[in-house]
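Here's the structure, in structure tokens; my notes come after.
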Amino acid sequence: MQSNTAKKPKLVVVCLSIAAVVILLVAAFCISFPTCFPYCDMWIMGKTYDEIAAVYGETEGGSNLSHRISYYIGEDNGWVMPSHLPQYYYIVFDENGRACDAYKGGPIGG
């Protein structure tokens, strides 16, 4: 029969291993989706409109400029002074038609 002192090091190793895995998963999520889930900025950069639309669907409004598209992501329900304005995930294209920037923001002119 094992004593409690023999089980404690194993418990510490298991707890630290679980904590390390959780930290790695959170870090991977934050790196993959820095702007807004489910839009993966790393994948989007350098893609054309057609490639992006094939994965995320057609745009849902918010921007009618030829060099920028947007996807509706919900209302601003912030913790301090929420505006309740619609929020969009914007993708900006360069002169070659490739995505070069992505950001989250409110409606144009809002």
Side-chain angles (χ1 to χ4, degrees):
M1 186 170 190
Q2 286 185 339
S3 66
N4 278 343
T5 57
K7 290 182 181 180
K8 286 184 182 179
K10 290 180 183 178
L11 180 62
V12 170
V13 170
V14 169
C15 289
L16 289 176
S17 299
I18 291 171
V21 168
V22 169
I23 290 170
L24 288 174
L25 289 173
V26 169
F29 181 83
C30 292
I31 290 170
S32 296
F33 307 102
T35 307
C36 180
F37 181 79
Y39 304 104
C40 182
D41 294 355
M42 291 187 311
W43 181 85
I44 288 173
M45 293 305 136
K47 300 288 191 268
T48 64
Y49 171 79
D50 293 332
E51 292 171 322
I52 295 169
V55 173
Y56 295 113
E58 293 299 318
T59 62
E60 300 168 11
S63 178
N64 57 2
L65 302 175
S66 62
H67 68 280
R68 179 174 56 198
I69 62 171
S70 63
Y71 290 95
Y72 177 76
I73 56 175
E75 287 187 355
D76 174 25
N77 294 323
W79 289 55
V80 179
M81 297 178 60
S83 66
H84 301 289
L85 290 173
Q87 295 292 301
Y88 295 93
Y89 178 78
Y90 292 102
I91 302 170
V92 180
F93 294 92
D94 62 13
E95 61 277 351
N96 298 322
R98 301 278 179 180
C100 62
D101 191 20
Y103 61 94
K104 182 171 88 169
I108 302 297

Asn96 backbone acceptor or donor facing Asp94 side chain under 3.5 Å:
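Yes.
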My understanding is that only one of Val14, Ile18, Val12 makes a side chain to side chain contact (heavy atoms under 4.5 Å, CB included) with Leu16; could you say which?
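Going through Val14, Ile18, Val12 one by one, the side chain to side chain contact (heavy atoms under 4.5 Å, CB included) with Leu16 is satisfied by Val12 alone.
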Evaluate the ring planes of Tyr89 and Tyr39, with Trp represented by its six-membered ring, and classify them as parallel (under 30°), tilted (30 to 60°) or perpendicular (over 60°).
parallel
Nearest-0.5 Å distance, [atom1] of residue [X] to [atom2] of residue [Y]:
| X | Y | atom1 | atom2 | result |
| --- | --- | --- | --- | --- |
| Ile69 | Phe93 | CD1 | CZ | 4.0 Å |
| Ile91 | Tyr49 | CD1 | OH | 9.5 Å |
| Lys104 | Ser70 | NZ | OG | 14.0 Å |

Quick check: do Tyr71 and Thr59 have side-chain heavy atoms less than 4.5 Å from each other?
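Tyr71 reaches Thr59 side chain to side chain.
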How about Lys47: does its NZ atom have over 12 heavy atoms from other parts shown lying under 6.0 Å from it?
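It does: Lys47 NZ has more than 12 such atoms within range.
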Compare every heavy atom of Gln87 with every heavy atom of Glu75, then report the nearest pair and how far apart it is.
C-CG, 4.0 Å
Considering non-hydrogen atoms only, spot the tightest contact between Pro86 and Tyr72 and give its length.
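Heavy atoms only, the tightest pair is CB-CE1, 3.5 Å.
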